[in-house]
Every structure is written in structure tokens, then in C-alpha cells.
Amino acid sequence: VVSDKDLADIRTRLSDLVSSTLALDMDVTVTHGPLTGMQGKIVSNDPAEDTVDLYIELRSVRLIRRVLISSVRPLASKD
């Protein structure tokens with residue numbers, strides 16, 4: 001059984017690790033939550049809140065959504 005405190009510590013460390021690799025204007029994909037699978041560009045970040053704002057463009061919709069840093073991953077380069 002994993003305690004709530006241990007789980008919170010793991011989340012914090014994971015968030016720190018992921019946030020250190022993310023940068024403004026970086027293309028990312030969402031890995032968790034209702035936007036799973038969508039791709040967007042980081043337009044702002046708030047390390048204090050562990051969130052980033054993503055610009056997501058679909059065919060006829062453009063939106064900015066705030067998601068947890070731990071729920072995005074950098075897109076693999078096409079090179």
C-alpha cells in the first residue's frame with residue numbers, strides 16, 4: 001500500500017523532472033485527462049501551480065487550455 005504522502009512526493013518529483021524538459025513554444029502531446037492524444041504548443045507555464053497553457057488548433061477550433069505539467073510530454077522530433 002502506498003501512502004498519500006508518498007504518492008504526493010512521487011507526483012512532485014515527476015512534475016519537477018518533466019517541467020525541467022519543457023519550454024515555451026515547445027510542441028507537446030497530452031497524455032492524461034480529457035485532452036489525451038491532442039497535440040499543442042506551450043504558450044505559458046506556471047511552475048508554482050504545476051500547469052502549462054497549451055495552444056491547440058483543430059480544423060475549425062483554436063483554443064488555449066491549462067493542463068498539469070505532468071500530463072504533457074514533448075513530441076518526438078521528426079528528424
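What you are looking at is a predicted structure, and each value in this text was computed from that prediction instead of being measured. Residues take their numbers from the sequence shown, with the count starting at 1.
- Here L68 is tied to no hydrophobic group at all, with no ILVMFWY side chain closer than 4.5 Å.
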Problem set entry | Verdict with reasoning, L22 to I42, per side chain to side chain contact (heavy atoms under 4.5 Å, CB included) | CA-CA 8 Å; L22 298 176; I42 296 176; 4.0 Å; yes
What pairs of donor and acceptor atoms, side-chain ones from residues 29-40 against any protein atom, are under 3.5 angstrom apart with sequence neighbours left out?
| residue | atom | partner | partner atom | Å |
| --- | --- | --- | --- | --- |
| T29 | OG1 | M38 | O | 3.4 |
| T31 | OG1 | S71 | O | 3.1 |
| T36 | OG1 | G33 | N | 3.2 |
| T36 | OG1 | G33 | O | 2.5 |

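- Residues R13 and D9 are not paired through a salt bridge, judged by the lack of any N-O separation under 4.0 Å between the basic side chain and the carboxylate.
- Linking ILVMFWY residues whenever their side-chain heavy atoms come closer than 4.5 Å, directly or via other members, leaves I69 and V43 in distinct clusters.
- Scored by the salt bridge (Lys or Arg N to Asp or Glu O under 4.0 Å) test, D27 finds K41 as partners (sequence neighbours excluded).
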Exercise. Stepwise, does the side chain to side chain contact (heavy atoms under 4.5 Å, CB included) test hold for V52 with D46?
Worked result: CA-CA 6 Å; V52 292; D46 186 352; over 6 Å; no
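- Counting all heavy atoms, side chain and backbone alike, L54 lies closest to V67 at CD1-CG2, 3.8 Å.
- With sequence neighbours left out, D4 forms a side chain to side chain donor-acceptor pair (under 3.5 Å) with no residue at all.
- Annotation: side chain to side chain donor-acceptor pair (under 3.5 Å) contacts of S44 (sequence neighbours excluded): D53.
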Let me check something: any side-chain donor-acceptor pairs from residues 55-65 under 3.5 Å, sequence neighbours excluded? List them with distances.
| residue | atom | partner | partner atom | Å |
| --- | --- | --- | --- | --- |
| Y55 | OH | E57 | OE1 | 3.0 |

